[in-house]
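The next block holds one structure in the form of C-alpha cells; read it before the comments.
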2 protein chains.
Amino acid sequence: MFEIFAQYLQSKIELSDQELKMIEEVCVVRKLRKNQYLLQEGDIWRFNAFITKGCLRTYSIDDKSTEHVLNFAIENYWIGDRESLLNGTPSRFNIDAIEESTLLLISKENFAGLMKSIPQFQDLVNLIIERSFVASQDRINNSISLNAEEKYIRFIEKQPQIALRVPQHMIASYLGMTPETLSRIRKQSAKK
Amino acid sequence: MFEIFAQYLQSKIELSDQELKMIEEVCVVRKLRKNQYLLQEGDIWRFNAFITKGCLRTYSIDDKSTEHVLNFAIENYWIGDRESLLNGTPSRFNIDAIEESTLLLISKENFAGLMKSIPQFQDLVNLIIERSFVASQDRINNSISLNAEEKYIRFIEKQPQIALRVPQHMIASYLGMTPETLSRIRKQSAKK
DNA sequence: AAAAGCACTTGATATATATCAAGTGCCTCA
DNA sequence: TGAGGCACTTGATATATATCAAGTGCTTTT
C-alpha cells in the first residue's frame, strides 16, 4: 500500500530511509467502495490524501440538486478540500469514489509535522499547490474563452487517462455542459 | 513607495528592521501609465509584483482577437504570471494597467533569497498561493454552476471594490459573457 | 434468463446568450 | 470648445446550449 506512495515521493525528492519511515508512520490507509463518500458537504476536511489506486471526484450540488464536478483524481494524485482544510470551515463539496479506491490519509497535524522536519517534503508540497493554482488558472481561461466543443477537445487532449475512465455525464458536468450537449458534440466531432 | 508594502507585510507577519531592510533593498519601483503593459504575451515573466497603487488586469487573447480577462488586481494585491515564472516559458497572457499604477517588482532570484532567509516571509507566500488556489476553485465552481446573472451577482458581492473601478465590458469578459449581456442583466437586476 | 436500472443517444422544442447594428451621452484632448 | 472616440445601451435576429421526453442497449441483480 505504502509502496506506491514511497515510489511517488522518491521520484520527486530525495528521502533517507528514516524520513521515509517517518512518513509511513503517519499514513492511514483508507479503502473506498465504488460510490462511497470520502467527504460529504458540511463535514470538515482535516487531511491530506494521496490516491494509490482508483478514481474519485470532487463535486458541488446546487439549489436545483444538480451536481457539478470540480475535479477528478486518480492514482498518484492528491485529493481533498483545501478550503475546508485551510480555514477549518465546513466543506461545500462532496468527494466520492468513481471506482473502488485506496488512499493514504495524513492528518493535518501530522502533515504539518512532516513539512517541518523534512524540508524537501515541504518544498514538494508547495510546488504541488503552485502547480494546482496554475492549472486552475488555465481551466478558468478555457471556461471563459472556449465553446462547448473546444472545451471537450482540450479536455481529452489534456487528460486522456481520465477521459477514458469516468462516465461521460460526469465529464459533461466537469466541463459545465449537459450530458445531451456532450453526446451531440462527440457525435459531431467523430464525423470530422 | 515602499511604505505601503512594509505596512502590508507587517500586518501579516513579524519582521525585524533588518529583515524589512533586506526586502526593501531588492524592490524595484515600476510606474505604469494607464493602458501600459506590464507583461505581453510571449514574454517570460521573472518577477513577483506587488501593487502599491492602481489597478491592473491579466488577460488572454483568442484566435478571434477577443480579449478574456483572467484577473483584476488592485493595491495590496500581487500580480504576475505564475505559469511563466514557474516554468520559465513564454507567457500566454498580457497584463496591463487599467489605471495609472505603481508596483514593486522583486526578481525571481531575489525573491527566492528572501524566502530562504526569512521563514515567515516564506510562510506568507505559501499561504497566499494556497489562498489563490482556493479562490480559483471557487471561481471554477461558479463558472460551471451559475448562469450569467448569478455570476454577476456573486462577483459584485465578492469584489465590490473592483466592480466599482473597472469598465463594465471588462467585467463582462471576466465573467465569460458579452458586454451586451451584462448590460441587460444589470438593467434587469435594477428592476428587482 | 428475466427484470431493472443505468448511461447514453436522439428528436423536438424552449431558452439563454451571442451577434450585428444603431443610437446616446460623456470624456478626452487637440 | 468642439470633434472624435469610447463605453454603454437598446433592438432585432441568430445561434448555442438546455430542457423534456422517449428510445436503445448494456450491465447488474436476482
Side-chain angles (χ1 to χ4, degrees), chain A residues 33-36 55 57 59-69 72 96-100 140 142-156 162-192, chain B residues 33-36 55 57 59-69 72 96-100 140 142-156 162-192:
Chain A
R33 300 231 176 95
K34 187 174 169 175
N35 295 323
Q36 199 178 333
C55 179
R57 64 172 175 154
Y59 62 99
S60 64
I61 301 182
D62 69 21
D63 20 286
K64 286 168 213 128
S65 301
T66 309
E67 296 177 359
H68 300 280
V69 175
F72 297 111
D96 67 16
I98 298 177
E99 305 170 2
E100 183 177 312
I140 290 170
N142 287 344
S143 89
I144 62 177
S145 309
L146 307 180
N147 65 24
E149 182 180 12
E150 290 164 338
K151 281 177 196 167
Y152 176 64
I153 291 169
R154 292 281 172 96
F155 173 71
I156 52 175
I162 290 176
L164 293 169
R165 221 165 141 170
V166 307
Q168 201 172 301
H169 68 273
M170 290 187 192
I171 295 175
S173 169
Y174 176 86
L175 297 174
M177 64 188 74
T178 59
E180 292 95 333
T181 292
L182 180 55
S183 173
R184 289 181 178 114
I185 282 169
R186 281 165 52 87
K187 192 182 173 188
Q188 272 225 324
S189 299
K191 273 193 246 165
K192 298 179 186 170
Chain B
R33 299 235 176 93
K34 188 173 170 177
N35 294 323
Q36 198 179 335
C55 179
R57 65 174 174 153
Y59 62 99
S60 64
I61 300 183
D62 68 21
D63 20 288
K64 285 167 215 129
S65 301
T66 308
E67 297 178 358
H68 300 281
V69 175
F72 297 111
D96 66 16
I98 297 177
E99 306 169 2
E100 183 176 312
I140 291 169
N142 287 343
S143 90
I144 62 178
S145 307
L146 306 180
N147 65 24
E149 183 181 10
E150 291 164 338
K151 281 177 197 168
Y152 176 65
I153 291 170
R154 290 282 172 96
F155 173 69
I156 51 174
I162 290 175
L164 293 169
R165 220 161 143 173
V166 307
Q168 201 172 300
H169 69 272
M170 290 187 189
I171 296 175
S173 170
Y174 176 87
L175 297 173
M177 63 188 75
T178 61
E180 293 95 332
T181 294
L182 180 55
S183 173
R184 290 180 177 114
I185 282 169
R186 281 165 52 88
K187 191 181 173 189
Q188 273 225 323
S189 299
K191 274 194 243 161
K192 295 180 189 168

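The sequence lines fix the lettering, A, B, ..., with proteins before strands; numbering per chain opens at 1.
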Legend entry - Heavy-atom donor-acceptor pair, B/Ser189 side chain to B/Ile185 backbone, under 3.5 Å: yes

Legend entry - Point-to-point distance, once rounded to the nearest 0.5 Å, from CD1 of A/Ile144 to CG of B/Asp62: 10.0 Å

Inset, instruction - Would you mind reading off the distance between B/Gln188 atom CD and D/dT10 atom C1', rounded to a whole angstrom? - result: 14 Å

Legend entry - Heavy-atom pair of closest approach, residues A/Asp96 and A/Asn35: CB-O, 4.2 Å

For residues 173-182 of chain A, dump all side-chain donor-acceptor pairs below 3.5 Å to protein atoms at least two apart in sequence or in another chain.
unit_1   : atom_1 : unit_2   : atom_2 : d
A/Ser173 : OG     : A/Glu67  : O      : 3.2
A/Ser173 : OG     : A/Val69  : N      : 2.8
A/Tyr174 : OH     : A/Gln159 : NE2    : 3.3
A/Thr178 : OG1    : A/Thr181 : N      : 3.2
A/Thr178 : OG1    : A/Thr181 : OG1    : 3.0

Inset, instruction - Classify every nucleotide of nucleotides 24-30 of chain C by which part a protein heavy atom approaches to under 4.0 Å, writing B for the base, S for the sugar-phosphate alone and - for neither, in 5'-to-3' order. - result: -------

Legend entry - Atom-to-atom span, NZ of A/Lys151 to P of D/dA16 - whole angstrom: 14 Å

Inset, instruction - Five pairs at each end of the helix from C/dA1-D/dT30 to C/dA30-D/dT1: take the axis at both ends and give me the angle between them to 10°. - result: 50°

Legend entry - Closest non-hydrogen atom pair between A/Lys151 and A/Leu146, with its separation: CE-O, 3.2 Å

Inset, instruction - Send over the distance from B/Ile144 CD1 to D/dA18 C1', rounded to a whole Å. - result: 16 Å

Inset, instruction - Can you see which heavy atom on A/Ala163 is nearest to which on A/Ile156, and at what distance? - result: CB-CG2, 3.7 Å

Legend entry - Between D/dT28 (C1') and A/Arg33 (CZ): distance, integer Å: 16 Å

Inset, instruction - Let me know, please, whether A/Thr181 or B/Leu146 comes out on the 5' side of the other along DNA chain C by nearest nucleotide. - result: A/Thr181

Legend entry - Where B/Pro167 and B/Ile98 come nearest, the two heavy atoms and their spacing: CD-CG2, 4.0 Å

Inset, instruction - Using side chain to side chain donor-acceptor pair (under 3.5 Å) as the criterion, list what pairs up with A/Gln168, not counting sequence neighbours. - result: A/Arg186

Inset, instruction - Take atom CD of B/Glu150 as the centre, draw a 6.0 Å sphere, and report whether it contains more than 12 heavy atoms from other residues, nucleotides or ligands. - result: yes

Legend entry - Spacing between A/Met177 atom CE and D/dA18 atom P, to the nearest angstrom: 7 Å

Inset, instruction - Would you please confirm or rule out a distance under 4.0 Å between OP1 or OP2 of D/dT17 and any side-chain N or O of A/Thr178? - result: no

Inset, instruction - Could you grab the distance from atom CD1 of A/Ile153 to atom CG of A/Asn142, nearest 0.5 Å is fine? - result: 11.5 Å

Inset, instruction - Would you mind reading off the distance between B/Glu149 atom CD and C/dT17 atom P, rounded to a whole angstrom? - result: 9 Å

Legend entry - Those residues that, when tested against A/His169, pass side chain to side chain donor-acceptor pair (under 3.5 Å) (two or more places apart): none

Where do N or O atoms of nucleotides 3-9 of chain C meet protein N or O atoms at under 3.5 Å, pair by pair?
unit_1 : atom_1 : unit_2   : atom_2 : d
C/dC8  : OP1    : A/Gln168 : N      : 2.8
C/dC8  : OP2    : A/Gln168 : N      : 3.2
C/dC8  : OP2    : A/His169 : N      : 3.0
C/dC8  : OP2    : A/His169 : ND1    : 3.1
C/dT9  : OP2    : A/Gln168 : NE2    : 2.5
C/dT9  : OP2    : A/Ser183 : OG     : 2.7
C/dT9  : O5'    : A/Ser183 : OG     : 3.1

Inset, instruction - Please state how far atom CG in A/Leu175 lies from atom P in D/dT17, giving the value in whole angstrom units. - result: 12 Å

